[in-house]
Protein chains: 2
Amino acid sequence: MPQKPDVREDELDSRAREVLREVVLQHVATGEAVSSRSLARGGRFHLSPASLRNAMADLEDLGYLQHPHTSSGRVPTDRGYRFFIDHLMQSRRLSQQERDVIDGQVAHASEVDEVMHLASRVLSRLSDQVGVVFMPTLHRLTMRSIDFILVAEGKVMCIIVGTNGMVVNKIVETRQGFTRDELEKISRYISGEYAGLALDTIRRRLIQLTAEERSQVDQAMHKALALGIGAVEDLMPMEHELFVEGTASILNKPDFANAGVIRKTFLALQEKEKLVEILNSCLNEDGLQILVGSESDFTHLHNFSLVARRYGSESAPLGMVGILGPMRMEYARVAPLVDYLGRALSRKIEEEEQHD
Amino acid sequence: MPQKPDVREDELDSRAREVLREVVLQHVATGEAVSSRSLARGGRFHLSPASLRNAMADLEDLGYLQHPHTSSGRVPTDRGYRFFIDHLMQSRRLSQQERDVIDGQVAHASEVDEVMHLASRVLSRLSDQVGVVFMPTLHRLTMRSIDFILVAEGKVMCIIVGTNGMVVNKIVETRQGFTRDELEKISRYISGEYAGLALDTIRRRLIQLTAEERSQVDQAMHKALALGIGAVEDLMPMEHELFVEGTASILNKPDFANAGVIRKTFLALQEKEKLVEILNSCLNEDGLQILVGSESDFTHLHNFSLVARRYGSESAPLGMVGILGPMRMEYARVAPLVDYLGRALSRKIEEEEQHD
DNA sequence: CTCTAGCACTCCCGCTACGCGAGTGCCAAA
DNA sequence: TTTGGCACTCGCGTAGCGGGAGTGCTAGAG
């Protein structure tokens, strides 16, 4: 877990907090640096620009604000945003429509790929940022049933249904020939014997079994075990761990006015390993998480923030959903979105489990 | 089919052709406008800059070249590229390594999604451009076998294997409850009865059957037919018709120096309908196809070219593979790449068919 | 002690002018 | 038909010049 800077709540008096808050809101809204005048014009303070200037200067000394040039307004720092998020932000409630969209999408999905696609897309669309969905490897997935279907000579499709209702499938190549009947028997055998266990446990047991009873088991059994091992091993690495959707949508933001920034950002988004690492490190934390700017040491993505949340049952987290956008984003709007989607997914998964 | 401009081969004498050719090559290599001096320096002509200027001026009058400003070198027009591609280009042979990469990837793929992903990725990587792979709807896919697997109450996974070895699968929701045995019977029945027919034919026949024998057939049969129809209909629209991969790779090209161009390009790439339309219109043509700049009326993608080729057996084309890049691209390198991948895919599909 | 008005100072930004360099077009001579 | 020469045209980078916005500081008012 990347550490957050030490931001004590009591460091700022009530005026300073109000000013910081207003600066963040205004800067997020306009994208411009905020001047003392424009703050005064805002009408929320009955103070002259000069007084506000003093307050802002103090905030700057404390590291909550900075100004790019001598003669331009102020902009929040990472630390400023952090304080805002922790102590000043009032999350907006989701509109009925937004909730409907999320619920609707979640209700449909059943196959893994579909779920991840839908989730990242819905986040990206509703937030107008980049949606990311991450699923750790399937090692921990507990199996409800497994099926083998012959699709061609030497090719068997393997379908695993998890106890959480998740469905994954993959075609495995096998040198040995199988008949449909054989495959059915194998499906039944493994389903019956190993239901409720995690994939990596199943794999271990199968291998154990092969070794132990090397010569005792008949040849048919051998073939069955080999197929089972192959299938589970093929499925576990799961290449598409990370879905990133809506990269184009950030192009419309004024923050991406020049080509260099765009280039860097896209290249960074392409390198998924780092992002996976960060998301993975958040997997143990409960509740909504917000990483601001440099807090996630995603070096290529300066002034980006990540708003993410774990999903899956509490005991066995399945992955993370979240959005990625410029540090200057509407946290109050985005945060509840991510939170709601994470909850909706988790709820669905729990239902599936009980339904079993 | 977008029409190509009328470019007669005999319009240019041998000097003009050589000059045009050299201009294209140099411009593609450097990205700069080509001046008469740099042509002369190239050493391929034993002529002074002044003579080359005359030749270039003639080419400009005929519409093969243009110059952006009064005082800068010349750049090929769409028409110039067209002539170059049709009459002047010498395709480079693929390196052994490139062929190995393509063959290796093609050998693996079996499931539809996988094939399309791999193909677009390999094209994008080898050409350093945007790879596109397009598959028209599955209406014409001829079925070898169909399988129904129960994955949860009310959810049945349907797997269709085509005579060309292609495998597609989808989970269909059904209100009626099915037992595993019932599903197996249905699989067998439909596989036996309809093997070798196209999906849309199968769909028609199933519907016909339901209507005809409305009251005569027993209830089990009814359920079976309904499930079959549902599955086929669910599968046919196939949302992921178009795969676009490697959009980030074009960011490195100098052609994308300013943000406006990038923005436009990415937005255009996002609108897949238009691209689908263009690829669809090329589906009837045989062999490698190159559309230069405005020839494909992809209005948002000015000065982009499309190099594409049909794949699948001759009688039943399956789709298009191709790459999309700036008009200023190395056609001699890209063209054989696309061609080879298309052939490799087609060959594989034909093998699968005979193997049946 | 706090707030505010005033003022000097800094720095960004857009505009214009200028000169250089690259390239062309044309003409006249070889 | 080719070539050298020369005038002309632009694009581009640089420098210089206000104007404007915003700050920091100080002194005076409440």
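Chain A is the first sequence line, chain B the second, and so forth, proteins listed ahead of strands; every chain is numbered from 1.
- Nucleotides of DNA chain C lying under 4.0 Å from heavy atoms of chain B occupy a range whose first and last members, 5' to 3', are dA22(C) to dC26(C).
- Regarding Leu59(A), its CG atom lies at a distance of 12 Å from the P atom of dG24(D), rounded to whole Å.
- Rounded to whole Å, the distance from CG on Asp58(B) to P on dT2(D) is 11 Å.
- Of the listed residues (Ser120(B), Ser305(B), Ser127(B)), just one forms a side-chain contact (heavy atoms from CB on, under 4.5 Å) with Ile323(B), and that residue is Ser127(B).
- The stretch residues 42-55 of chain B touches DNA chain C through Arg53(B), each having a heavy atom within less than 4.0 Å of the strand.
- Rounded to a whole Å, the CD atom of Gln66(B) is 16 Å from the P atom of dC10(D).
- Put simply, the side chain of Thr70(B) and the base of dC10(D) share no donor and acceptor less than 3.5 Å apart.
- Look at Ser71(A) and you won't find any side-chain N or O under 4.0 angstrom from OP1 or OP2 of dG22(D).
- The interatomic distance linking Asp61(A) (CG) with dG24(D) (P) rounds to 9 Å, in whole Å.
- A distance-only check finds a donor-acceptor pair linking the side chain of Thr265(B) to the backbone of Val261(B) [under 3.5 Å].
- Taking 4.0 Å as the cut-off between side-chain N and carboxylate O, Arg82(A) and Asp86(A) count as a salt-bridged pair.
- With salt bridges taken as basic N to acidic carboxylate O contacts below 4.0 Å, one links Arg92(A) and Glu98(A).
- Rounded to an integer number of Å, the gap from CG of Asn258(B) to P of dC12(D) is 12 Å.
- Partner of Arg53(A) under the side-chain hydrogen bond (donor to acceptor under 3.5 Å, both in side chains) criterion, chosen from Ser48(A), Ser36(A), Ser35(A): Ser36(A).
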For ring-ring contact (aromatic ring centres under 6.0 Å, His included), just list the numbers for Phe266(A) and Phe266(B), CA-CA rounded to whole Å, side-chain angles, deciding distance to a tenth of an Å, and then say yes or no.
CA-CA 12 Å; Phe266(A) 275 77; Phe266(B) 276 76; 5.0 Å; yes

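- Tyr81(B) and His27(B) have tilted rings, their planes meeting at an angle from 30° to 60° on a 0 to 90° scale.
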